[in-house]
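Structure, as structure tokens:
Side chains included, hydrogens not; waters and symmetry mates left out as well; all remaining heavy atoms used.
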Amino acid sequence: MNKLFVLLLMVCSCSDAAKKTTINTPEKAEQVSFFPVTSYIKGQIAELKTSKVKPIITNIAGDKSDSTFLKIEDLDSAFKEYINPEIDSINLIDHFTETRFEDKSINAFTFIYTTKPGISDNISLIRWDVIIDPETNNVKRIYIVKKIDGNKELQLTWQSGKYCKAVTIATDNTGKQYLENEQTIKWNFE
């Protein structure tokens with residue numbers, strides 16, 4: 001009987017120990033999934049192509065300004081800087097970090113994507129922001145910053161359903177920045 005008692009005690013102890021043993025596993029890291037900026041802009045372009053609207057393109061260089069209608073067949077070339085390189089999770093997840101916050105000053109959710117430290121200069125994208133209306137969950141604005149030609153920066157703004165603007169900022173030999181060119185394409189004339 002004593003042996004049976006000891007045996008039962010050992011079995012119970014083992015099963016209790018098994019129940020109390022926990023395996024420390026690291027918590028799953030939050031899976032980052034970038035907003036598909038390029039797909040969104042391509043959708044906006046496709047929508048524009050099927051509309052009856054004739055966009056107006058305005059170029060400002062120095063003190064000169066010129067406006068003209070943009071032909072539908074020229075839309076792809078006019079918007080090429082907005083869709084190249086492809087901004088999506090698959091291509092850029094290893095190179096960029098995402099910061100999210102609710103910005104009550106502009107009543108929007110803001111997603112900011114910036115390059116990770118030590119990323120090579122081969123990537124033209126510096127950052128991009130996606131601004132979303134919290135009430136409708138619709139994209140209000142996309143802002144993209146790219147480096148071009150070594151001493152120039154291209155700042156692209158896509159105002160959903162209204163217009164887009166490309167601003168080229170150049171840096172001279174003294175390090176001073178200046179506005180080299182500004183181009184606005186407007187298709188909503190409210």
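Counting non-hydrogen atoms of neighbouring residues, nucleotides and ligands closer than 6.0 angstrom, the CZ atom of Phe69 reaches no more than 12 such neighbours. A 6.0 Å sphere centred on NZ of Lys176 holds no more than 12 heavy atoms belonging to other residues, nucleotides or ligands.
Here CG of Asn151 is found 10.0 Å from CD of Gln177. Values are rounded to the nearest 0.5 Å. Here OG1 of Thr99 is found 11.0 Å from CZ of Phe111. Values are rounded to the nearest 0.5 Å. Interatomic distance, OG of Ser160 versus CD of Gln44, reported as 4.5 Å (0.5 Å rounding). Of the inter-residue distances, the one linking Tyr143 atom OH with Thr110 atom OG1 reads 13.5 Å to the nearest 0.5 angstrom. Note that the CG atom of Asp129 and the CD1 atom of Ile112 stand 4.5 Å from one another [nearest 0.5 Å].
A salt bridge does not link Glu153 to Lys146: none of the charged side-chain nitrogens sits closer than 4.0 Å to a carboxylate oxygen.
At a threshold of 4.5 Å between non-hydrogen side-chain atoms, the residues Trp128 and Phe96 count as touching. Side-chain atoms of Pro85 and Leu125, non-hydrogen and from C-beta on, do get closer than 4.5 Å to each other. Contact of the Lys42 side chain with the Ile83 side chain is registered, since non-hydrogen atoms from C-beta on lie closer than 4.5 Å. Side-chain contact check for Gln155 versus Ile169: some heavy-atom pair is nearer than 4.5 Å. When side chains are defined from C-beta on, Thr184 counts as touching Glu182, because their heavy atoms get closer than 4.5 Å. Contact of the Leu156 side chain with the Cys164 side chain is not registered, since no non-hydrogen atoms from C-beta on lie closer than 4.5 Å.
Closest approach of Ala108 and Pro134 over heavy atoms only: CA-CD, 3.6 Å. Considering all non-hydrogen atoms of both residues, Pro55 and Val53 come closest at CD-O, 3.4 Å. Closest heavy-atom contact between Ile41 and Ile144: CD1-CD1, 4.5 Å. Residues Leu48 and Ile72 share a closest heavy-atom pair of O-CD1, 4.3 Å. Across all their heavy atoms, Lys140 and Ile132 have their closest contact at CD-C, 4.1 Å. Closest approach of Ile185 to Leu70, counting heavy atoms only: CG2-CD2, 3.9 Å.
Checking Thr97 against Thr114 by side-chain atom types alone, a donor-acceptor pair falls below 3.5 Å.
Connection of Ile57 to Leu179 is not established within any shared hydrophobic cluster, with ILVMFWY side chains joined at heavy-atom distances below 4.5 Å, either directly or through further cluster members. Val167 and Tyr178 fall into different hydrophobic clusters, where Ile, Leu, Val, Met, Phe, Trp and Tyr side chains are chained together by heavy-atom contacts under 4.5 Å.
Aromatic ring orientation, Tyr82 versus Phe79: perpendicular (interplanar angle above 60°, classes split at 30° and 60°).
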Can Arg141 and Thr157 be said to form a side-chain contact (heavy atoms from CB on, under 4.5 Å), step by step? CA-CA 7 Å; Arg141 183 173 54 249; Thr157 303; 3.7 Å; yes
Just do the salt bridge (charged side-chain N to carboxylate O under 4.0 Å, His left out) check on Lys64 and Asp66 with the steps written out, would you? CA-CA 7 Å; Lys64 296 180 183 177; Asp66 181 36; over 6 Å; no
Could you go step by step and tell me if Tyr40 and Ile142 meet the side-chain contact (heavy atoms from CB on, under 4.5 Å) rule? CA-CA 10 Å; Tyr40 177 78; Ile142 294 172; 3.6 Å; yes
Show your working on side-chain contact (heavy atoms from CB on, under 4.5 Å) between Leu154 and Glu81 and close with a plain yes or no. CA-CA 9 Å; Leu154 186 59; Glu81 289 295 340; 3.7 Å; yes
Determine whether Val130 and Tyr113 satisfy the following criterion, side-chain contact (heavy atoms from CB on, under 4.5 Å), listing intermediate values before the conclusion. CA-CA 9 Å; Val130 179; Tyr113 302 91; 4.1 Å; yes
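Of the possible donor and acceptor atoms, none in the side chain of Asp133 sits under 3.5 Å from a partner among the backbone N and O of Asn137. Not a single donor-acceptor pair under 3.5 Å links the side chain of Asp149 to the backbone N or O of Lys152. In terms of modelled atom types and a separation under 3.5 Å, the side chain of Ser65 and the main chain of Ile60 share no donor-acceptor contact. A donor-acceptor pair under 3.5 Å links the side-chain atoms of Asn188 to the main chain of Gly161, judged by distance alone.
The distance between the ring centers of Trp158 and Tyr163 does not fall below 6.0 angstrom.
Legend: side chain to side chain donor-acceptor pair (under 3.5 Å) pairs involving residues 68-77, not counting sequence neighbours, sorted by first then second residue: Lys49-Asp76.
Checking each of Val139, Asn107, Ile106 against Ile131 for a side-chain contact (heavy atoms from CB on, under 4.5 Å) leaves exactly one that passes, namely Ile106.
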